[in-house]
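Encoded as structure tokens, the structure appears first; notes follow it.
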Protein chains: 2
Amino acid sequence: MDEVFKALADNSRRSLLDRLHARNGQTLNELCEGLAMTRQAVTKHLVILEEANLVTTIKRGREKLHYLNPVPIHQIGERWIKKFERGKLAALGELKRQLEKRDE
Amino acid sequence: MDEVFKALADNSRRSLLDRLHARNGQTLNELCEGLAMTRQAVTKHLVILEEANLVTTIKRGREKLHYLNPVPIHQIGERWIKKFERGKLAALGELKRQLEKRDE
DNA sequence: ATAATAGGCAACTAAATGGTTGCATGTCAA
DNA sequence: TTGACATGCAACCATTTAGTTGCCTATTAT
């Protein structure tokens, strides 16, 4: 879980996921196109995404295809974000109350 | 949005949010209790959470109360995670198909 | 008034991070 | 088979990050 949060913390990596979401199964070179980064930098980001299990790769001859794995993202939503949804209104109410009390 | 992802990337910060979720409105010293970290380290984490707008603070005399703001977490769910929910099954199907093709 | 308490500020450090360059390897096509 | 193409590996660099220590300030309680 920590690995997933860490992987998602970088904007370059989030846009790589966006690109795969737009078109799945891209090669490394395709994913590099239009980015202000060397291929090696992109590789490093992809390795981090792979280690977080957000991307799965398959070698096809001399190229490597990258596939988005949406499961860890879904788990963040289910196991982490939802926890804070419960009690959200209570927390907001409490916050509002305290902020108003401040100005008395 | 980037600030929020960065703030959530650290486990210490996520557990501070957990603590506030369990009991809202705690002081700095209360939040330090039982942690293997100096007060100043905790302060730094709280500043990052504040800058990401995940925590709001109110000064009450000599102490500072910390309140959880669940809105940015909710926004991550709505604006980011949901985007990947759409097409999740398609992506998984594609992934499965390619993984099977690999072994032919 | 003074001591204790709650917190703030700043300088410093070690390690992690995001990036680079240079070179090596494996695969495909002429 | 030789050159071009796709990717991998490793060393290096600058910046950021997570943490520390030491000291300062403001508020409360005795």
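Numbered from 1 within each chain, the chains take letters A, B, ... in sequence-line order. Just so we're clear, the structure is a prediction, and the values are computed from it rather than from any experiment.
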Does Leu49(A) belong to the same Ile/Leu/Val/Met/Phe/Trp/Tyr cluster as Met1(A), with side-chain heavy atoms less than 4.5 Å apart forming each link?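 Yes, it is one cluster - the side chains of Leu49(A) and Met1(A) are joined through contacts under 4.5 Å.
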What's the [atom1]-[atom2] distance between [X] and [N], to the nearest Å?
{"X": "Lys64(A)", "N": "dG26(C)", "atom1": "NZ", "atom2": "C1'", "result": "14 Å"}
{"X": "Glu3(B)", "N": "dT17(D)", "atom1": "CD", "atom2": "C1'", "result": "15 Å"}
{"X": "Asn11(B)", "N": "dA18(D)", "atom1": "CG", "atom2": "P", "result": "12 Å"}
{"X": "Asp2(B)", "N": "dG18(C)", "atom1": "CG", "atom2": "P", "result": "11 Å"}
{"X": "Lys6(A)", "N": "dA16(C)", "atom1": "NZ", "atom2": "C1'", "result": "10 Å"}
{"X": "Phe5(A)", "N": "dA16(C)", "atom1": "CZ", "atom2": "C1'", "result": "20 Å"}

Protein-proximity profile, nucleotides 25-30 of chain D, B/S/- by nucleotide at the 4.0 Å heavy-atom cutoff, equals --BS--
Between the side chain of Arg14(B) and the main-chain N/O of Leu8(B), is any donor-acceptor distance below 3.5 Å?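 Yes; at least one donor-acceptor contact below 3.5 Å.
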If we ignore hydrogens and angles and just use 3.5 Å, is the side chain of Asn69(A) paired with the main-chain N or O of Asn53(A) as donor and acceptor?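 Yes, because the side chain of Asn69(A) sits within donor-acceptor range (under 3.5 Å) of the backbone of Asn53(A).
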As a quick check of understanding, evaluate side-chain contact (heavy atoms from CB on, under 4.5 Å) for Leu35(B) and His45(B), giving each step before the final call. CA-CA 13 Å; Leu35(B) 293 186; His45(B) 284 304; over 6 Å; no
pair Ile48(A)-Leu54(A): side-chain heavy atoms closer than 4.5 Å: no
Hey, does Phe5(A) have a side-chain heavy atom less than 4.5 Å from the side chain of Asn11(B)? no
From CA spacing to verdict: side-chain contact (heavy atoms from CB on, under 4.5 Å), Thr43(B), Thr38(B): CA-CA 9 Å; Thr43(B) 299; Thr38(B) 58; over 6 Å; no
For Asn29(A) and dC5(D), is the shortest distance between a side-chain N/O and OP1 or OP2 below 4.0 Å?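 So the side chain of Asn29(A) is outside the cut-off, no N or O lying under 4.0 Å from OP1 or OP2 of dC5(D).
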Which class fits the ring pair Phe84(A) and His21(B): parallel under 30°, tilted 30 to 60°, perpendicular over 60°?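 Rings of Phe84(A) and His21(B): tilted, as their planes differ by 30° to 60°.
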Looking at residues at least two apart in the chain, or sitting in another chain, which of them share a ring-ring contact (aromatic ring centres under 6.0 Å, His included) with Tyr67(A)? none
Where each residue is assigned the nucleotide of DNA chain C containing its nearest heavy atom, which of Leu65(B) and Asp10(A) is assigned the position nearer the 5′ end?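 Upstream on the strand: Leu65(B).
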Of Glu30(B) and Ala9(A), whose closest DNA chain C nucleotide lies nearer the 5' terminus?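 Taking each residue's closest nucleotide, the earlier one in sequence belongs to Glu30(B).
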Mind listing the residues from residues 33-55 of chain B sitting with a heavy atom below 4.0 Å of DNA chain C? Number order is fine.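 Those residues are Arg39(B), Gln40(B), Lys44(B).
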